[in-house]
Participant: 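Please see the structure below; I have some questions.
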Amino acid sequence: MVARHDLTTDPGLQAQLLQARRGTAFFARKLNELTDAQLDGDSLLPGWSRRHIAAHIGYNARAIARLIEWAATGIETPMYPSFAVRDEEIEFGATLSPIALRNLFDHSAVHLSVEWRDLPDDAWHHTVRTIQGRDVPASETVWMRSREVWVHAVDLDNGATFADIPAPVLERLLKDITGAWHTRGTDKGLKVRVTDSDLTFGDPDAAVVITGPLPAVVQWATGRGTHGVGADGTAGQVPAAPKWI
Ligand code: ZN
């Protein structure tokens with residue numbers, strides 16, 4: 001007998017699971033609005049068609065499901081054997097027929113959702129490893145997936161914007177990105193101030209301050225354009241954000 005609801009009893013995790021599944025549903029909606037011919041069109045990511053995005057999101061669900069299987073069984077199953085294999089898989093996926101590509105997305109999303117649903121409370125604490133080599137609790141996979149589906153729904157370039165992404169997701173994303181800059185030391189002289197909430201990130205003594213509403217600031221921080229953001233201390237020029245990933 002398979003459970004029909006999530007086994008975890010942690011309310012915080014349940015809320016995160018809801019957010020990831022909503023993001024997946026949002027991505028599905030944007031994907032389904034595209035005709036088969038439109039799948040061949042460009043995405044917002046340089047060098048990637050919409051097919052690449054769909055393939056990437058499908059294989060990402062499979063990769064994250066492997067981490068959940070690892071957490072459940074204790075048998076190490078990496079996300080991907082290597083970055084090269086991951087990239088080859090995406091290139092291959094992008095050549096699939098539209099129906100196969102859509103099935104890849106649908107089936108992988110359902111499979112991951114079931115893996116999450118059936119993971120018992122204690123196993124969510126088990127350590128797994130991301131493709132970047134980070135050791136994280138299995139619970140982190142929910143955020144890893146959330147981030148992918150919400151942001152890449154925008155990358156499909158058929159109407160979704162960062163304003164469609166829930167504020168808690170945007171805030172966590174901005175925290176992650178500015179944290180990564182800080183770790184690498186690429187945020188020197190740069191501060192980010194969100195004008196529609198009381199959030200600031202980055203170098204407190206910065207000469208350059210990027211300002212704007214949360215969706216615009218996150219869009220800029222992810223390297224997806226300067227629309228809606230301003231910059232103090234740069235004579236009006238908004239600098240490109242430091243590299244995120
Ligand atoms: Zn991605």
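Atoms within a ligand are numbered from 1 in the order they appear, just like the ligands themselves.
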Participant: Suppose we screen for side-chain contact (heavy atoms from CB on, under 4.5 Å). Which residues come up paired with Glu148, at least two apart in sequence or across chains?
Facilitator: His56, Ile57, Asn60, His152

Participant: Quick one: ring pair (Phe, Tyr, Trp, His ring centres under 6.0 Å) pairs with a partner in residues 10-36, sequence neighbours left out?
Facilitator: Phe26-Trp150, Phe27-Phe105

Participant: Near the Zn ion (ligand 1), which protein N/O/S atoms are found at less than 2.8 Å?
Facilitator: His56 NE2, Glu148 OE1, His152 NE2

Participant: Hey, could you give me each pair passing ring pair (Phe, Tyr, Trp, His ring centres under 6.0 Å) that has a residue in residues 157-201? Not counting sequence neighbours.
Facilitator: Trp181-Trp220

Participant: Can you confirm whether more than 12 heavy atoms, excluding those of Asp198, are under 6.0 Å from its CG atom?
Facilitator: no

Participant: With salt bridge (Lys or Arg N to Asp or Glu O under 4.0 Å) as the test, pick out the partner of Glu140 among Arg129, Arg145, Arg172.
Facilitator: Arg172

Participant: Can a donor-acceptor pair be found, under 3.5 Å and without considering hydrogens, that links the side chain of Asn158 to the backbone of Lys30?
Facilitator: yes

